[in-house]
Amino acid sequence: MTLNPNQLDAEALYATLLADVKAGLAGVPDVAIVGIHSGGAWIAERLAADLGLSARCGVLDVSFYRDDYAKKGLPAEVKPTNITFDVAAANILLVDDVLYTGRTTRAAINELFDYGRPARIMLAALVDRGERQLPVAADFVAGHVAVPKGQALVLQRADDGKFTLTIE
Ligand SMILES: O=P(O)(O)OC[C@H]1O[C@H](OP(=O)(O)OP(=O)(O)O)[C@H](O)[C@@H]1O
Ligand SMILES: O=c1cc[nH]c(=O)[nH]1
């Protein structure tokens with residue numbers, strides 16, 4: 001679905017993503033969910049709770065795995081990666097809020113492989129803004145939106161856990 005950038009309903013998008021993921025993962029064994037810090041981790045946490053998989057939910061901070069790490073160094077805040085399930089042979093749903101160039105996905109896959117050899121990695125994103133620089137595609141995506149270069153899609157989580165998505 002192509003979205004109007006002025007009318008982004010993050011809660012409706014989340015509901016769509018949840019339904020798609022639920023259908024797509026039906027019958028898949030050894031599923032684990034991993035979110036990319038920070039927006040992807042919030043979505044992963046909520047998907048895991050809604051799918052009864054909270055015990056197999058992890059978080060990745062890809063800062064050390066970015067392809068521009070040598071040039072840019074670390075951001076002010078780096079959250080620890082936390083993977084407590086066995087990655088080897090798991091069917092992993094990697095979750096991010098926004099899919100853009102694909103470089104964050106590449107970094108996350110590299111990091112995951114340092115934990116073991118998964119059976120499969122699938123990718124879920126709340127929104128896809130196109131403009132890929134790497135051959136990356138999401139298995140599950142709730143909507144597509146065109147955003148001018150230089151602007152960012154920003155996901156926020158309120159105290160009640162609800163999501164909002166804005167262009168800044
Ligand atoms: O496909 P890409 O071009 O890599 O872009 C997607 C990533 O960019 C944003 O993260 P950002 O690096 O802005 O960090 P944040 O999640 O902490 O805002 C977004 O949350 C994705 O993780
Ligand atoms: O590795 C990465 C991840 C996100 N963005 C980049 O430019 N590089």
Side-chain angles (χ1 to χ4, degrees), residues 10 13-14 17-18 20-22 24-25 28-145 147 149 152-157 161 163 165 168:
L13 289 168
Y14 175 75
L17 188 67
L18 173 61
D20 289 354
V21 165
K22 200 170 188 171
L25 295 184
V28 177
D30 301 319
V31 173
I33 301 184
V34 174
I36 300 173
H37 174 70
S38 55
W42 296 335
I43 297 169
E45 200 180 297
R46 194 160 156 191
L47 283 173
D50 287 338
L51 297 169
L53 287 168
S54 292
R56 285 172 63 79
C57 182
V59 59
L60 286 180
D61 186 319
V62 301
S63 299
F64 287 104
Y65 289 77
R66 286 179 60 113
D67 54 19
D68 52 4
Y69 168 70
K71 200 167 104 190
K72 288 175 72 173
L74 289 174
E77 189 201 22
V78 179
K79 284 270 185 198
T81 287
N82 184 24
I83 307 279
T84 55
F85 59 87
D86 191 3
V87 164
N91 284 297
I92 296 178
L93 182 70
L94 181 63
V95 182
D96 209 346
D97 50 357
V98 179
L99 180 56
Y100 182 26
T101 64
R103 288 175 189 268
T104 300
T105 306
R106 191 284 310 158
I109 291 171
N110 272 28
E111 184 167 3
L112 270 178
F113 270 80
D114 281 353
Y115 286 83
R117 181 178 184 271
R120 179 178 173 190
I121 299 176
M122 293 156 281
L123 178 64
L126 197 62
V127 284
D128 184 343
R129 61 178 283 188
E131 306 288 341
R132 216 75 81 233
Q133 294 171 359
L134 295 175
V136 170
D139 298 276
F140 306 100
V141 66
H144 297 258
V145 61
V147 177
K149 210 176 165 71
L153 275 163
V154 179
L155 185 77
Q156 282 170 321
R157 181 172 67 168
F163 296 135
L165 191 60
E168 293 178 10

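As the structure is a prediction and not an experimental result, all values here were calculated from the model.
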Can you run down the ring pair (Phe, Tyr, Trp, His ring centres under 6.0 Å) pairs that involve residues 59-104, sequence neighbours left out, and say none if there aren't any? F64-Y69
Return the set of residues passing side chain to side chain contact (heavy atoms under 4.5 Å, CB included) with D139 (not counting sequence neighbours), or none when no residue passes. R120, M122, L123
Would you compute the distance between atom CG of N110 and atom OG1 of T105 and round it to the nearest 0.5 angstrom? 11.0 Å
Drop me the distance from L126's CG to L18's CG, to the nearest 0.5 angstrom. 11.5 Å
R103: which residues meet the side chain to side chain contact (heavy atoms under 4.5 Å, CB included) condition with it, sequence neighbours left out? D67, T101, Q133, L134
Once side-chain hydrogen bond (donor to acceptor under 3.5 Å, both in side chains) is applied, do any residues pair with S63, and if so which ones, sequence neighbours excluded? D61
How about L94 and I33: do any of their side-chain heavy atoms sit closer than 4.5 Å? no
Please identify each residue that fulfils salt bridge (Lys or Arg N to Asp or Glu O under 4.0 Å) with E77, with sequence neighbours left out. K79
Run the salt bridge (Lys or Arg N to Asp or Glu O under 4.0 Å) test against D128 and tell me which residues pass, sequence neighbours left out. R132
What's the spacing between D97 CG and I36 CD1 if we round to 0.5 Å? 8.5 Å
For the side chain to side chain contact (heavy atoms under 4.5 Å, CB included) test, which of I92, T81, D86, V34 pairs with Y115? T81
Is the shortest side-chain heavy-atom distance between P118 and N91 below 4.5 Å? no
Can you name the residues that form a salt bridge (Lys or Arg N to Asp or Glu O under 4.0 Å) with D114, not counting sequence neighbours? none
Can you list everything that forms a salt bridge (Lys or Arg N to Asp or Glu O under 4.0 Å) with K22? Sequence neighbours excluded, please. none
Check whether any side-chain heavy atom of V136 sits under 4.5 Å from a side-chain heavy atom of L99, and report yes or no. yes
Mind checking what makes side chain to side chain contact (heavy atoms under 4.5 Å, CB included) contact with K71, not counting sequence neighbours? none
Summary of side chain to side chain donor-acceptor pair (under 3.5 Å) pairs that have at least one residue in residues 34-43, sequence neighbours excluded: none
Under 3.5 Å, side-chain donor or acceptor atoms of residues 45-59 against the rest of the protein: list the pairs with distances, not counting sequence neighbours.
residue, atom, partner, partner atom, Å
E45, OE2, R157, NH1, 3.4
R46, NH1, E11, OE2, 2.9
R46, NH1, G161, O, 3.3
R46, NH2, E11, OE1, 2.7
D50, OD2, Y14, OH, 2.7
R56, NE, V31, O, 2.8
R56, NH2, D30, O, 3.1

Only counting residues at least two apart or in another chain, list the ones meeting side-chain hydrogen bond (donor to acceptor under 3.5 Å, both in side chains) with R106. none
